[in-house]
Amino acid sequence: MAIESVSLGFKLYCLSVMTAVAAAYTVALRFTRTVSSGDLYFSTTAVCTTEVIKLVLSLGMLAKETGSLIRLKNSIEEHIIFSPVELLKLSVPSIVYAIQNNMAFVALSNLDAAVYQVTYQLKIPCTALCTVLMLNRSLSRLQWFSVFMLCTGVTLVQWNPAEATKVQVEQNPFVGFMAIAVAVLCSGFAGVYFEKVLKSSDTSLWVRNIQMYLSGIVVTLIGVYMNDGKKVLEKGFFFGYTPWVCFVVFLASVGGLYTSVVVKYTDNIMKGFSAAAAIVLSTVASVMLFGLQITVTFASGAILVCISIYLYGLPKQDTSKLTRQDTDAESKQKLISV
Ligand code: NCC
């Protein structure tokens, strides 16, 4: 498989946009579910609309990549119309992501955005575990340690209990935490599954996205029918769509596409590390530019994030050599004792 390389600048750009969008998305989503006035929209339709927009944008990107309408048509025929097995393969992450994306709405309807962001960091060790189990990659003990250190660091960096917003709806924190637990498992599994499929062939990222979003539309439509079917028929699919709701759908679409680009050029564990670094750097930049006050919790979290990135990047010890040396030493010892 040919490995396409891009400049470090481009990778940093994608990571920064992904992280900024994710932060804005969480806050805007929470706002539309709890504070925003007016009739509450159906969250299932928002998840479905997002899949449609991502599909259209991916088609546009594939058109740009192929360079001509004929090649675009050939590519769609080859990879989509005549590739039911590939479509089926990609329906696995699309079902799991559909559950995850719906869970984000359940969680943010019941928990404060800051609490959500902090608890959601459990996805970092969960993603590492999925990477080890599904991609047969190994992590040294030090790397595992750094993964948990990163998780603690990001939790501290994002810790801001004073930021709680006044809400106009009833909340159930237990339901919120359960939704996060499901979202964490889904994020780890679906992310690594998509990475495995993407990196095991030369098929374009945009083709893989189209394959996934096509089944994503079907799955999320089933979600609309099962959860809000009657109410949607009565009030309409786009009932309650204020400009804020449209903004949330826009952020979800852009964020999803940037996530796929980041996974293509790095990997899911690196996505977690880089997102953490971007959060720390953007806060430090705000301190320098706008004179924002840094709290002790933030500073300790930022230090943990930096140390964890350093530790994760350290070269792994060659255990095979160590084992051989150990065995040599053991045999010498045995010889001496004989
Ligand atoms: O949780 P997370 O990502 O792993 O979720 C991945 C999101 O990207 C979409 N996706 C993934 C692969 C692909 N080829 N196309 C896609 O559209 C999935 O549908 C899913 O929505 C993160 O690492 O923290 C991140 O978090 C999400 C989001 O903040 C959380 O899921 C909370 O709800 C970010 N998504 C957005 O900002 C819209 C993502 O960028 C980063």
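Computed over heavy atoms, backbone and side chain alike; hydrogens, waters and symmetry mates excluded. Remember, it's 1-based here, ligands and their atoms both numbered in the order they're listed.
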Any N/O of Asn101 closer than 3.5 Å to an N/O of ligand 1? yes
Do any N or O atoms from the side chain of Ser75 and from the backbone of Leu72 form a donor-acceptor pair under 3.5 angstrom? no
So for ligand 1, is Thr26 a polar contact partner (N or O within less than 3.5 Å, distance only)? no
Apply side-chain hydrogen bond (donor to acceptor under 3.5 Å, both in side chains) to Thr44 and Asp228, showing your working. CA-CA 8 Å; Thr44 49; Asp228 305 305; 2.5 Å; yes
Numbered in order shown, the ligand 1 atoms found under 4.0 Å of a heavy atom of Gly255 are 38 (C), 40 (O)
Return the CG to OH distance between Leu90 and Tyr97, rounded to the nearest 0.5 Å. 11.0 Å
Could you tell me whether Tyr213 and ligand 1 have an N or O pair separated by under 3.5 Å? yes
Do me a favour and list the nearest non-hydrogen protein atom to atom 33 (O) of ligand 1 with residue, atom name and distance? Tyr116 OH, 3.0 Å
With the threshold set at 4.0 Å, does a side-chain nitrogen-carboxylate oxygen contact exist between Glu77 and Lys73? yes
Check for me whether Arg30 meets the cation-pi criterion with Phe105, that is, NZ or CZ under 6.0 Å from the six-membered ring centre and within 45 degrees of the ring axis. no
Using the rule side-chain contact (heavy atoms from CB on, under 4.5 Å), only one of Asn110, Val106, Leu111 pairs with Asn172; which is it? Asn110
Using distance alone, decide if ligand 1 has a nitrogen or oxygen within less than 3.5 Å of any nitrogen or oxygen in Tyr97. no
Aromatic contact between Tyr41 and Phe239, with the criterion being ring centroids under 6.0 Å apart: yes or no? no
Going by the closest heavy atom to atom 13 (C) of ligand 1, which one wins out of Lys271, Lys264, Glu51, Met212? Met212
Contact bool for atom 16 (C) of ligand 1 (protein heavy atom, d < 4.0 Å): yes
Just to confirm, does any protein heavy atom lie below 4.0 Å from atom 35 (N) of ligand 1? no
Give the residue, atom name and distance (to 0.1 Å) of the protein heavy atom nearest atom 1 (O) of ligand 1. Tyr120 OH, 2.3 Å
Looking only at heavy atoms, is any part of Ala22 under 4.0 Å from ligand 1, and if so is it the side chain, the backbone, or both, or is it neither? both
Below 3.5 angstrom, do we get any N/O pair linking Ser260 and ligand 1? no
